[in-house]
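To start, the structure under review is shown below, and the notes come after it.
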Amino acid sequence: MRRILLDPISRIEGHLKVEVCLDNGTVKEAKCTGTLFRGIELILQGRDPRDAQHLTQRICGVCPTSHSIAAALNLDSAFGIADRIPDNGRIIRNLILGAAHLSDHIFHFYHLAALDYVDVIKAAAYDGKDTALNSVKAFIERGELGPFVPRYEGDYRFSASVDQEMIAHYVQALKVRLKCQEMLAIFGGKVPHNPAVVPGGVTEPPTVDKMASFFWRLNEIRDFIDNVYLPDVFTIAKTYGDYFEIGRGCGNLLSFGNYDLDGTNVDYLARNRLMKQGTVSFDLELGLIEPAKITEYVANSWYEDSTTGLKPSEGKTVPTENWDKGYSWVKAPRYDGKVYEVGPLARILTGYLSGQPSIRTLVDSALSDAGIQHRALFSVLGRHLTRALCAKVLAYSMGDWLLQLRPGNPVYIPYEIPEESTGMGLVDGARGALGHWIEIRNKRISRYQCVVPSTWNMSPRDDQGQPGPLEQALVGTMVRDEANPFELVRIVRSFDPCLACAVHVLTPKGRTLSAFRVG
């Protein structure tokens with residue numbers, strides 16, 4: 001058995017270490033390690049419950065908006081107002097979250113993952129048509145190659161002209177992502193860490209000027225998704241089609257759904273949402289979600305054994321000083337005792353199997369264009385394709401939501417903080433299922449727990465020895481060149497890891513890293 005250590009994995013959010021053991025070039029075992037301690041739950045204890053909406057956004061600078069929505073839903077639940085949010089407030093929350101998710105999807109594909117398939121050096125040397133690549137060439141001529149290097153070499157399959165076009169789109173995507181952030185700021189106030197989403201609704205009322213400003217940016221983003229993003233995903237799919245057979249994972253999917261289309265049900269998992277709630281098996285069987293079946297395990301995490309197997313509503317965050325225990329700061333969430341992957345793949349297949357017309361049409365067309373069957377979506381390229389489909393469904397829905405806003409109508413409902421209460425906020429972030437749980441005693445937070453997408457996807461083995469979704473996706477992979485294990489980083493990045501969400505605060509003692517390999 002030979003060992004490959006990837007530490008840290010670059011072009012992801014946060015700090016992730018991946019270790020694999022090879023037998024005759026095939027991955028037989030994988031371990032994923034979150035290398036920083038999550039302490040946000042401890043920071044929140046004893047504070048005013050309303051602080052949660054602001055402080056949980058500080059978990060991450062890339063996906064704070066998802067935490068603002070989850071925290072607000074959590075507090076709505078605890079304050080007894082979950083079914084009383086004004087329509088304007090509900091819609092503006094959707095628009096703020098949607099703008100953030102469009103930004104995240106475009107950012108992930110172009111600036112974190114697409115470079116795994118593009119030979120930037122060859123593209124820069126190509127004397128083809130003038131494109132946005134000119135700025136990249138200038139950096140290379142000065143020897144300033146970041147963020148394009150260091151990188152793994154080999155298995156670049158595009159022609160130089162296609163490589164150059166993809167890099168031009170990389171630069172274009174930076175500007176489009178800025179448009180997404182500007183949309184978010186129109187109703188959210190600022191980016192990152194918006195102050196507008198609050199318990200009871202939002203603080204920013206709609207006006208005709210704001211709606212028009214939002215809409216013209218949205219049209220440009222739609223055009224980019226239709227004419228650049230989706231075609232680029234299919235370009236990679238047609239050239240790297242074998243990656244529809246790589247990185248399957250655990251075969252179980254889970255989605256909390258997102259974007260409330262009405263707010264009349266206090267049960268978030270029974271609400272009418274654009275992206276539906278449910279579980280999906282590899283056999284494409286759709287199931288319902290019962291939050292009481294969610295538990296977290298720590299047999300292989302650096303937390304006290306007394307905290308294992310607890311429901312998030314009862315969860316504890318108690319780090320251990322026993323460094324011989326486990327191998328990650330990430331806990332191991334499980335649903336009904338089983339391993340589940342979360343993310344765009346889960347959302348799209350849940351919507352598809354729920355019979356959602358817009359998603360069924362898109363998925364059937366995409367499968368036909370790619371020449372694959374539904375189960376091939378459980379793969380590296382399946383995750384990229386479904387993320388792009390999420391972006392398209394969302395971008396076209398947001399225009400309809402804008403037209404539903406009513407300037408002059410309320411965006412917020414007053415409330416009182418109860419002496420004692422509990423709450424739960426469930427929504428899908430861009431990267432997958434996100435849950436916040438709160439317990440209030442004497443009008444203060446006595447317990448707060450977050451179970452985030454990358455806690456699901458990057459989890460270590462649980463108490464039953466079951467590897468997490470990414471660990472399972474890596475097992476069975478053939479590595480052609482141990483010095484350039486590009487297959488492994490392509491699998492890792494297809495999950496869009498956000499370890500800043502899974503682990504938050506640096507432990508004072510730190511840990512000595514024995515090897516570094518930039519991916």
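These values consider heavy atoms only, across backbone and side chains, with no hydrogens, waters or symmetry-generated copies.
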| message | Run E439 and T422 through side chain to side chain donor-acceptor pair (under 3.5 Å) and show every step you take. | response | CA-CA 4 Å; E439 181 181 83; T422 59; over 6 Å; no
| Under 3.5 Å, side chain of Q466 to main-chain N/O of P460, donor-acceptor pair present? | no
| Residue among E296, K331, R334, E471 satisfying side-chain hydrogen bond (donor to acceptor under 3.5 Å, both in side chains) with S459 | R334
| Is E341 paired with R383 through a side-chain N to carboxylate O contact shorter than 4.0 Å? | yes
| Q449 and S313: side chain to side chain donor-acceptor pair (under 3.5 Å), yes or no, with the steps? | CA-CA 7 Å; Q449 290 291 305; S313 59; over 6 Å; no
| request: Kindly assign one of parallel, tilted or perpendicular to the pair W329 and W302, based on the angle between their ring planes and the thresholds 30° and 60°. | output: perpendicular
| Are the charged groups of K293 and E290 less than 4.0 angstrom apart, N to O? | yes
| query | Is L95 close to L405 at the side-chain level, that is, under 4.5 Å between some pair of heavy atoms? | reply | yes
| field | Exam field: side chain H193 to backbone T65, donor-acceptor pair closer than 3.5 Å | value | no
| query | H436 and A70: which non-hydrogen atoms are nearest, and at how many Å? | reply | CD2-CB, 3.7 Å
| How about R248 and S379: does a side-chain donor come under 3.5 Å of a side-chain acceptor? | no
| query | Measuring from L174:CG to H111:NE2, what's the distance to the nearest 0.5 Å? | reply | 3.5 Å
| query | So, the side chain of R444 versus the backbone of I440: is there a donor-acceptor pair under 3.5 Å, distance only? | reply | no
| said: Counting only heavy atoms not in K311 (residues, nucleotides, ligands), do more than 12 fall under 6.0 Å from its NZ? | reply: no
| task | Determine whether more than 12 heavy atoms belonging to other residues, nucleotides or ligands lie under 6.0 Å from atom CG of L403. | result | yes
| query | Do D87 and R406 come close enough that some side-chain heavy atom pair is under 4.5 Å? | reply | no
| request: Kindly compute the distance separating CG (D400) from CG (N94), expressed to the nearest 0.5 Å. | output: 12.0 Å
| Relative to the ring of F37, is the ring of Y303 parallel (under 30°), tilted (30 to 60°) or perpendicular (over 60°)? | tilted
| message | Students often mix this up, so state it plainly: with edges at 30° and 60°, are the rings of Y259 and W401 parallel, tilted or perpendicular? | response | tilted
| task | Look at K17 together with E19 and state whether they make a salt bridge at an N to O cut-off of under 4.0 Å. | result | no
| Below 4.0 angstrom, N of the basic side chain to O of the carboxylate: do R441 and E419 qualify? | no
| field | Within-4.5 Å side-chain heavy-atom neighbours: Q356 and R360 | value | no
| request: Check for a donor-acceptor pair, side chain of N322 on one end and backbone N or O of D324 on the other, with a separation under 3.5 Å. | output: yes
| Contact check, side chains of E29 and V20, non-hydrogen atoms, under 4.5 Å | no
| Under 3.5 Å donor-acceptor, R461 side chain and G326 backbone | no
| Sub-4.5 Å side-chain heavy-atom contact between P192 and Q57 | no
| task | Quick one: do Y448 and N74 satisfy side chain to side chain donor-acceptor pair (under 3.5 Å)? Show the steps, please. | result | CA-CA 10 Å; Y448 206 98; N74 191 19; 3.2 Å; yes
| Is D104 salt-bridged to R431, cutoff N-O under 4.0 Å? | yes
| message | Quick one, C450 and W437 - any side-chain contact, counting heavy atoms below 4.5 Å? | response | no
| Any donor and acceptor pair, going by atom type alone, linking the side chain of R50 with main-chain N or O of R47 inside 3.5 Å? | no
| message | Using the rule given for salt bridge (Lys or Arg N to Asp or Glu O under 4.0 Å), can you reason through K338 versus D336, listing the C-alpha separation, both sets of side-chain angles and the distance that settles it, and then say yes or no? | response | CA-CA 6 Å; K338 300 177 183 177; D336 200 16; 5.3 Å; no
| task | Decide yes or no for L434 and V451: does some side-chain heavy atom of the first lie under 4.5 Å from some side-chain heavy atom of the second? | result | no
| Whether H15 side chain and T35 backbone form a donor-acceptor pair below 3.5 Å | no
| request: Check whether any side-chain N or O of D428 sits under 3.5 Å from a backbone N or O of F256 as a donor-acceptor pair, and report yes or no. | output: yes
| message | Counting the benzene-type ring for Trp, do Y229 and H105 have ring centres under 6.0 Å apart? | response | no
| Does the side chain to side chain donor-acceptor pair (under 3.5 Å) test come out yes or no for T264 and D83, once each step is laid out? | CA-CA 5 Å; T264 59; D83 58 345; over 6 Å; no
| Lys/Arg-Asp/Glu bridge criterion (N-O < 4.0 Å) met for R93, D76 | yes
| Any sub-3.5 Å donor-acceptor pair from S354's side-chain atoms to T350's backbone N or O? | yes
| request: Look at atom NZ of K325 and say whether more than 12 heavy atoms of other residues, nucleotides or ligands are closer to it than 6.0 Å. | output: yes
| task | Using atom types as modelled and distance alone, determine if a side-chain donor or acceptor of K210 lies under 3.5 Å from a backbone N or O of P205. | result | yes
| Would you call R90 and D260 a salt bridge, using N to O less than 4.0 angstrom? | no
| query | Minimum heavy-atom separation for V411 to P86, with atom names? | reply | C-CG, 3.9 Å
| query | Should L112 and D496 be marked as a side chain to side chain contact (heavy atoms under 4.5 Å, CB included) after you check the CA-CA gap, both sets of side-chain angles, and the distance that decides it? | reply | CA-CA 8 Å; L112 301 180; D496 192 11; 3.9 Å; yes
| task | Identify the heavy atoms of L16 and C32 that sit nearest to each other, and give their distance. | result | CD1-CB, 4.3 Å
